[in-house]
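Input: a single structure, listed below in structure tokens.
These figures come from a predicted structure and were not determined experimentally. When a residue number appears, it is its place in the shown sequence, counting from 1. Hydrogens, waters and symmetry mates are skipped; everything else that's a heavy atom, side chains included, is used. Numbering of ligands and ligand atoms starts at 1, following listing order.
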Amino acid sequence: MSQKRAFITGITGQDGSYLAELLLSKDYEVHGLVRRVALEDPENRLSRLASIRSQLHFHSGSLESYASIHHVLGRIQPDECYHLAAQSFVTYSFDDEFTTLQANINGTHYLLSALKSIAPNCLFYFAGSSEMFGQADEVPQNERTRFHPRSTYGISKVAGFELTRNYREAYGLRACNGILFNHESPRRGFEFVTRKITSGVARILAGKSDEVRLGNLEARRDWGHAREYVAAMWLMLQQPEPDDYVIATGETHSVADVVEVAFDAAGLDWRKYVVCDRDLHRPSEVNVLSGDASKARRELGWEPRIHFRELILEMLAHDCQAQGVTLATGAWTDSKQ
Ligand code: GDR
């Protein structure tokens, strides 16, 4: 059988980098959409891909332009398309609603429409989000739970989800939605709360900072490991029929729990360092999210193995190493990067 060709939008991000590694290990030819500026500054902007860069095919283009997407897809003719690129920071979506909606909805729409005309047999994955559930009616949330998003980010993901479903139903596109709950790793962006905390603790240990400023410590999330979540994306596209799947651990923890695990492992009393800042609270918060991934377990054979504490300690160990400090307790697992 000839080598399969995969196309990833958002390849430079946390999920994109893990997915590219997974697909290379399965002998795919891996193509990624990147901004021109990224190609001009590979050391910084392609840093998560450093170890596999030479094996990837990059295409400069923009999800803001239908013509650009059409052109790139025409050149690649992919067998599988993973649409991960988005304005993905929920907090920012309150500062710039318009850009979030335009970028996330139009980008998805352009891609689906271009695939329909250029590569209608291509398998398509859309990165949906637990933020679509928002203020959910039920706990835990599954594929049938009603959406009630609480940010324009969540709204944009609901629109992307519905576009994907509609292209499947109306045009027979083999398109799947992953409804992924929070997933983290040592490659997580520093603006997200888990990485903000682990990198903040590492900076305190290195003597470069004396506080971590946080918003709502009571918010509860279902946090898994990104490396395991990208495997679920691939599994979804290997099924005989396209469908939608919740991917989650089913365990929830508060932001305060992240704080406690990270500071305890560093031998620090978090009360001396964590500053609660009202300005970092969101105008409409999602208080608790907890996913029921039994459909994925049943149909995909997917199961998370890395638990919350192990995840946070892996991130902390990585951040400490980057700051040149060692943890006295030795209570963490080594970073697997
Ligand atoms: P989230 O992730 O919004 O769930 O979206 P984030 O880590 O930003 O927030 C998680 C929770 O922590 C609370 N919080 C803070 N958040 C940030 N970023 N900074 C803080 O200082 C802080 N203090 C408290 C938040 O209010 C929130 O309740 C992530 C993203 O990856 C999305 O793209 C993805 O779709 C979802 O996960 C699933």
Same cluster or not: Val193 versus Ile204, using hydrophobic residues (I, L, V, M, F, W, Y) connected whenever any side-chain heavy atoms lie under 4.5 Å apart?
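Cluster IDs for Val193 and Ile204 match.
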Lys196 side chain to Val212 main-chain N or O, any donor-acceptor pair under 3.5 Å?
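Side chain of Lys196 to backbone of Val212: no pair is present.
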N or O contacts of ligand 1 with protein under 3.5 Å, please list pair by pair.
{"from": "ligand 1", "atom 1": "3 (O)", "to": "Arg282", "atom 2": "NH1", "distance (Å)": "2.7"}
{"from": "ligand 1", "atom 1": "3 (O)", "to": "Arg282", "atom 2": "NH2", "distance (Å)": "3.2"}
{"from": "ligand 1", "atom 1": "4 (O)", "to": "Asn182", "atom 2": "ND2", "distance (Å)": "2.8"}
{"from": "ligand 1", "atom 1": "4 (O)", "to": "Arg221", "atom 2": "NE", "distance (Å)": "3.1"}
{"from": "ligand 1", "atom 1": "7 (O)", "to": "Val193", "atom 2": "N", "distance (Å)": "2.9"}
{"from": "ligand 1", "atom 1": "8 (O)", "to": "Arg282", "atom 2": "NH2", "distance (Å)": "2.9"}
{"from": "ligand 1", "atom 1": "9 (O)", "to": "Arg282", "atom 2": "NH2", "distance (Å)": "3.4"}
{"from": "ligand 1", "atom 1": "18 (N)", "to": "Glu191", "atom 2": "O", "distance (Å)": "3.0"}
{"from": "ligand 1", "atom 1": "21 (O)", "to": "Lys196", "atom 2": "NZ", "distance (Å)": "2.7"}
{"from": "ligand 1", "atom 1": "23 (N)", "to": "Gly215", "atom 2": "N", "distance (Å)": "2.8"}
{"from": "ligand 1", "atom 1": "26 (O)", "to": "Glu285", "atom 2": "OE2", "distance (Å)": "2.6"}
{"from": "ligand 1", "atom 1": "28 (O)", "to": "Arg221", "atom 2": "NH2", "distance (Å)": "3.0"}
{"from": "ligand 1", "atom 1": "28 (O)", "to": "Glu285", "atom 2": "OE1", "distance (Å)": "3.1"}
{"from": "ligand 1", "atom 1": "28 (O)", "to": "Glu285", "atom 2": "OE2", "distance (Å)": "2.9"}
{"from": "ligand 1", "atom 1": "31 (O)", "to": "Arg188", "atom 2": "NH1", "distance (Å)": "3.2"}
{"from": "ligand 1", "atom 1": "31 (O)", "to": "Arg188", "atom 2": "NH2", "distance (Å)": "2.8"}
{"from": "ligand 1", "atom 1": "33 (O)", "to": "Ser88", "atom 2": "O", "distance (Å)": "2.6"}
{"from": "ligand 1", "atom 1": "33 (O)", "to": "Tyr153", "atom 2": "OH", "distance (Å)": "2.9"}
{"from": "ligand 1", "atom 1": "35 (O)", "to": "Ser129", "atom 2": "OG", "distance (Å)": "2.6"}
{"from": "ligand 1", "atom 1": "35 (O)", "to": "Tyr153", "atom 2": "OH", "distance (Å)": "2.5"}
{"from": "ligand 1", "atom 1": "37 (O)", "to": "Asn182", "atom 2": "ND2", "distance (Å)": "3.2"}

Listing, residues 89-101 side-chain donor-acceptor contacts under 3.5 Å, not counting sequence neighbours, or none:
{"from": "Thr91", "atom 1": "OG1", "to": "Arg282", "atom 2": "NE", "distance (Å)": "3.2"}
{"from": "Thr91", "atom 1": "OG1", "to": "Arg282", "atom 2": "NH2", "distance (Å)": "3.1"}
{"from": "Tyr92", "atom 1": "OH", "to": "Asp96", "atom 2": "OD2", "distance (Å)": "3.3"}
{"from": "Ser93", "atom 1": "OG", "to": "Val90", "atom 2": "O", "distance (Å)": "2.6"}
{"from": "Ser93", "atom 1": "OG", "to": "Tyr153", "atom 2": "N", "distance (Å)": "3.4"}
{"from": "Asp96", "atom 1": "OD1", "to": "Phe98", "atom 2": "N", "distance (Å)": "3.4"}
{"from": "Asp96", "atom 1": "OD1", "to": "Thr99", "atom 2": "N", "distance (Å)": "3.0"}
{"from": "Asp96", "atom 1": "OD1", "to": "Thr99", "atom 2": "OG1", "distance (Å)": "3.0"}
{"from": "Asp96", "atom 1": "OD2", "to": "Thr99", "atom 2": "OG1", "distance (Å)": "2.5"}
{"from": "Thr100", "atom 1": "OG1", "to": "Gln87", "atom 2": "NE2", "distance (Å)": "3.2"}
{"from": "Thr100", "atom 1": "OG1", "to": "Asp96", "atom 2": "O", "distance (Å)": "2.9"}

Please determine if Arg174 forms a cation-pi arrangement with Phe124, meaning its NZ or CZ atom is less than 6.0 Å from the six-membered ring centre and no more than 45° off the ring axis.
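Because its charged atom misses either the 6.0 Å distance or the 45° angle limit, Arg174 does not stack over Phe124.
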When you measure from the centre of the six-membered ring of Phe192, is the NZ or CZ of Arg188 under 6.0 Å away and within 45° of the axis?
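Yes, Arg188 sits over the ring of Phe192.
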Asp319-Thr198 side chain donor-acceptor pair, cut-off 3.5 Å:
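Side chains of Asp319 and Thr198: pair found under 3.5 Å.
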